[in-house]
Structures are given as C-alpha cells and as structure tokens.
Participant: 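Sharing a structure here in structure tokens format.
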Amino acid sequence: SHLVKSRKALVLHNGLIDLIFLYHNFYAALPDKLGTFMSDICEMFPLGVYDTKYIADYVSRTQASFLEFVFRKEQKINRDKYLKNRPHVKLRFQRTDSKDLDWRHCGEEKEIVDGVEVCFSYAHHGHCP
C-alpha cells in the first residue's frame, strides 16, 4: 500500500499483469469496465505508469525488448556518455538493512567492459548457441 500512497510514477517491464495485481490487492476489486480501471490507475499513480518493454518496442525500436537486453544496452550507452564527459545518469541508493529489500549489484558485465559485442542470437532470443 506504500507504493499507492506515495502517489509516484510507476515503472514496469511488460507489467500489465503486475498492474492488475497491484490494483486488485491494494486498491479495489477489478471493475467491470476498462475505462474505470484506467481512470483509477491514473488516480493511483498521478505521475504516470511507464512500461519499459513498450518503450523499447514502440518508442526506441530496440532490436530486442527483454529486460536484461534493454538494461545492458542502455547501460553501455550511458557508460559511453560518461567516458566522453557527456550528460549521463548516475544513481546512488541509500543502503538500508531492510528484510524487504534484496540488494543486487548491476554493474557492467566483463563482456561489455572488454568491448565484446553481444551475439545476434542473444540480442533476439536471450541466449547464444
């Protein structure tokens, strides 16, 4: 319920089912009409709902849209901007000892640091032969 009470934007990846889950479990029973659902979602998240898979597929037109590919691609672009002293994104999170958080390191993979390209099959299917 903290997520809904915060009245912030919501970012998901291929998140329609997640959005329905959030609505049903933290807001109300699912309505009969799509318009009611959409209106309530706008009320729950007044700063918007953003789906990174939709953005990758229909806005950025990336060659693949599964989450790790999109993340690593954008991570590489951001690293290149940093190395060229161009505006880039840098995030820092305050470390807390909460049992509700599972901290993961999302640093660059060795293949990206060494400049090895992702194979064509990986870009489209998530694995290399």
Side-chain angles (χ1 to χ4, degrees):
S1 67
H2 179 70
L3 184 63
V4 174
K5 289 178 183 176
S6 71
R7 310 212 21 100
K8 306 274 183 179
L10 180 65
V11 179
L12 306 159
H13 186 82
N14 202 19
L16 179 60
I17 299 300
D18 298 326
L19 196 56
I20 291 168
F21 175 84
L22 288 171
Y23 184 99
H24 181 72
N25 287 283
F26 297 112
Y27 194 75
L30 291 172
D32 293 331
K33 299 194 183 262
L34 178 61
T36 304
F37 176 76
M38 296 302 293
S39 178
D40 289 345
I41 291 295
C42 289
E43 183 179 315
M44 290 169 66
F45 304 103
L47 297 180
V49 175
Y50 302 93
D51 191 315
T52 55
K53 182 170 178 65
Y54 178 87
I55 293 168
D57 279 337
Y58 300 105
V59 178
S60 299
R61 304 271 186 203
T62 59
Q63 63 195 51
S65 61
F66 59 92
L67 185 56
E68 185 170 3
F69 178 82
V70 173
F71 175 78
R72 295 297 180 191
K73 177 181 178 288
E74 295 303 321
Q75 184 182 42
K76 182 180 182 314
I77 291 169
N78 194 58
R79 181 178 169 271
D80 291 345
K81 288 179 179 179
Y82 168 77
L83 293 173
K84 294 175 182 174
N85 289 322
R86 294 180 53 215
H88 61 282
V89 175
K90 185 172 184 175
L91 298 174
R92 278 183 202 239
F93 296 95
Q94 183 177 352
R95 193 92 170 162
T96 62
D97 292 327
S98 172
K99 63 181 172 67
D100 298 325
L101 294 176
D102 183 15
W103 290 97
R104 305 278 174 137
H105 176 71
C106 295
E108 294 179 276
E109 294 181 335
K110 184 168 179 37
E111 294 82 19
I112 294 173
V113 173
D114 291 340
V116 174
E117 292 293 322
V118 174
C119 73
F120 183 79
S121 178
Y122 183 82
H124 289 282
H125 306 290
H127 61 85
C128 289

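Here the structure is a predicted model, which is why all the values come from computation and not from measurement. Quick note: residue numbers are just sequence positions, from 1.
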Participant: List the steps, then state whether side chain to side chain contact (heavy atoms under 4.5 Å, CB included) holds for K73 with V70.
Facilitator: CA-CA 5 Å; K73 177 181 178 288; V70 173; 5.8 Å; no

Participant: Would you tabulate the side-chain donor-acceptor contacts of residues 25-44 under 3.5 Å, counting partners in other chains and residues two or more places apart, or write 'none'?
Facilitator:
residue	atom	partner	partner atom	Å
N25	ND2	F21	O	2.9
Y27	OH	E43	OE2	3.0
D40	OD2	Y23	OH	2.5

Participant: What distance separates Q75 CD from D80 CG, expressed to the nearest 0.5 Å?
Facilitator: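 Q75 CD to D80 CG: 11.0 Å, rounded to 0.5 Å.
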
Participant: Pick out which of K90, H88, R86 makes a side chain to side chain contact (heavy atoms under 4.5 Å, CB included) with N78.
Facilitator: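 Single pass found, and it is H88.
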
Participant: I55 and Y58: same hydrophobic cluster, using ILVMFWY side-chain contacts below 4.5 Å?
Facilitator: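 Yes, same cluster.
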
Participant: Taking atom CZ of F45 and atom CZ of R7, what is their separation to the nearest 0.5 Å?
Facilitator: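 If I round to the nearest 0.5 Å, the distance is 10.0 Å.
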
Participant: If hydrophobic clusters are built by linking Ile, Leu, Val, Met, Phe, Trp and Tyr wherever their side-chain heavy atoms come under 4.5 Å apart, do I77 and F71 end up in the same one?
Facilitator: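 No, it is not one cluster - the side chains of I77 and F71 are not joined through contacts under 4.5 Å.
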
Participant: Look up atom CZ in F69 and atom CD in E74, then write down how far apart they are to the nearest 0.5 Å.
Facilitator: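 Between F69 CZ and E74 CD, I get 9.5 Å after rounding to 0.5 Å.
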
Participant: Mind checking the CG-NZ spacing from L12 to K53? Nearest 0.5 Å is all I need.
Facilitator: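 So the CG of L12 and the NZ of K53 are separated by 13.5 Å.
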
Participant: Using 0.5 Å steps for rounding, measure from the CZ atom of F66 to the CG atom of N14.
Facilitator: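 F66 atom CZ to N14 atom CG measures 13.0 Å (nearest 0.5 Å).
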
Participant: Measuring from H24:NE2 to L19:CG, what's the distance to the nearest 0.5 Å?
Facilitator: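 Between H24 NE2 and L19 CG, I get 13.5 Å after rounding to 0.5 Å.
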
Participant: With distance as the sole test, does S65 use its side chain to make a donor-acceptor pair with the main-chain N or O of A56 at under 3.5 Å?
Facilitator: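 No; judged by distance alone, with no hydrogens or angles, the pair does not exist.
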
Participant: Following the transitive rule for hydrophobic clusters with a side-chain heavy-atom cut-off under 4.5 Å over Ile, Leu, Val, Met, Phe, Trp and Tyr, establish whether L22 and I20 coincide in one cluster.
Facilitator: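 In one cluster with L22: I20, yes.
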
